[in-house]
**Q** 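Mind having a look at this structure? Questions to follow.
In this text, all values refer to a predicted model and were calculated from it rather than measured experimentally. Numbered from 1 within each chain, the chains take letters A, B, ... in sequence-line order.
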Number of protein chains: 2
Amino acid sequence: MDSQELKRAGLKATLPRLRILEILERADPRHMTAEDVYKALLDHGEDVGLATIYRVLTQFEAAGLVSRHNFESGQAVFEINRGRHHDHIVCMQCGKVEEFVDEVIEQHQRDIAGRYGFELIEHSLVLYGKCRQCASRKN
Amino acid sequence: MDSQELKRAGLKATLPRLRILEILERADPRHMTAEDVYKALLDHGEDVGLATIYRVLTQFEAAGLVSRHNFESGQAVFEINRGRHHDHIVCMQCGKVEEFVDEVIEQHQRDIAGRYGFELIEHSLVLYGKCRQCASRKN
DNA sequence: ATGTATGCAAAACATTTGCACCTGG
DNA sequence: CCAGGTGCAAATGTTTTGCATACAT
């Protein structure tokens, strides 16, 4: 039951929060903008205001339930946090997002932070390119 | 003469463009928001509209003269392109930005893109942390 | 001269906030 | 019951655009 998760995070298990969590859990692709979530809820016949979605997503982020990414699109995208940290590779043409982890890169990041006297808190690594399908399409 | 640079980029050497280029060349810290550039020009007694600054910075970016970065601050920052590609480490407290290059990370990025069938076009790597001064300050 | 650039004000966007009403525990 | 959550509309902050005027070549 998701309401447990919410309570553990110190948030009341309200209907909008449960619905938003559900949408994110079932999301495929996993990365959604606030607007995407809003439309998904409308499609499911749920009537939740966009402002609430932003508020809830921000709370979820603070609680560690979701991550927010600022890809080049201008709109922030959100994804539910399951499993471990990962970075992203985004197709600039079709928007497809793949996830990857590279321990060597992670270790080098820590070394670099140390070398510059920084206490590393987080990082953002996004590769932008063209995926196989888009590259082979002749447009 | 900067006007050469502009003409090479296919842009007329107008006064606003020259002034903006100057500001970016002399900038320290090297990373400025559009607003920063605007204020710097006002300080120098130049009267350039903010809209022009955005237009010019966008053209400069397209021409490869400057790079635009979306750090977590919400506002885009611009820096002049001298020398080679580099990534950034940003202090979340005072905003200080350091630049670094790590050839191992670069190589792993290329490998990862290949492994996922992507043609790598660009990437964005930003480390966020606390710099030595901010870490030692007891607030 | 003439095609481009610019300045200004207004528009467009994504996101946040104030406030009166509703709801979960 | 009542602190906290929500919806709506309005505000915010950044970036973009339309259009009449000004400028580089």
**Q** Closest approach to the side chain of B/Thr14, judged atom by atom: which nucleotide of C/dA5, D/dG5, D/dT17 is it?
**A** C/dA5
**Q** When the distance from CD of A/Glu35 to P of C/dA12 is rounded to whole Å, what number comes out?
**A** 16 Å
**Q** Over how many whole Å does the gap from B/Asp36 atom CG to D/dT14 atom C1' extend?
**A** 13 Å
**Q** Whether A/Tyr54 contacts C/dT15 is assessed here as follows: a side-chain N or O lying under 4.0 Å from the phosphate OP1 or OP2. Is that the case?
**A** yes
**Q** Going by atom types alone, do A/Glu106 and A/His85 pair a side-chain donor with an acceptor below 3.5 Å?
**A** yes
**Q** Measure up the A/Tyr116 and B/Phe100 rings against each other and bin them: parallel (under 30°), tilted (30 to 60°), perpendicular (over 60°).
**A** tilted
**Q** Would you mind telling me which of C/dT6, D/dT15, C/dC8 lies closest to the side-chain atoms of B/Asp47?
**A** C/dC8
**Q** Atom NE2 of B/His123 and atom OH of A/Tyr128: how far apart are they, to the nearest 0.5 Å?
**A** 11.0 Å
**Q** Report yes if a side-chain nitrogen or oxygen of A/Arg17 is closer than 4.0 Å to either non-bridging phosphate oxygen (OP1 or OP2) of D/dG5; otherwise report no.
**A** yes
**Q** Can you find a donor-acceptor N/O pair under 3.5 angstrom joining the side chain of A/Arg55 to the base of C/dG18?
**A** yes
**Q** Please tell me if B/Thr58 has a side-chain N or O lying less than 4.0 Å from either OP1 or OP2 of D/dT15.
**A** no
**Q** Between A/Thr52 and D/dG7, does any side-chain N or O lie under 4.0 Å from OP1 or OP2?
**A** yes
**Q** Between B/Ile53 (CD1) and D/dG13 (P), how many Å, whole number?
**A** 19 Å
**Q** Do A/His88 and A/His31 have their ring centres less than 6.0 Å from each other?
**A** yes
**Q** Could you check B/Leu15 against B/Lys12 and say which one's nearest nucleotide on DNA chain C is further toward the 5' end?
**A** B/Lys12
**Q** Can you tell me how far P of C/dA5 sits from CG of B/Leu11, to the nearest Å?
**A** 7 Å
**Q** May I ask you to say what B/Ala34 touches in the nucleic acid, namely base, sugar-phosphate or nothing, with a heavy-atom cut-off under 4.0 Å?
**A** nothing
**Q** Determine whether the side chains of A/Ser3 and A/Arg17 contain a donor N or O and an acceptor N or O closer than 3.5 Å.
**A** no
**Q** Looking for any heavy atom pair under 4.0 Å, which part of the strands does A/Ala13 touch: base, sugar-phosphate only, or nothing?
**A** sugar-phosphate
**Q** Rounded to whole angstroms, how far apart are CG on A/Leu41 and C1' on D/dT6?
**A** 14 Å
**Q** Rounded to the nearest Å, what distance is computed from the CZ atom of residue B/Arg19 to the C1' atom of nucleotide C/dT6?
**A** 15 Å
**Q** Between D/dT15, C/dA5, D/dT25, which one does the side chain of B/Gln75 approach most closely?
**A** D/dT15
**Q** B/Gln59 CD to C/dT4 C1': how many Å, rounded?
**A** 10 Å
**Q** Grab the CD-P distance between A/Glu72 and C/dA14 for me, whole Å please.
**A** 16 Å
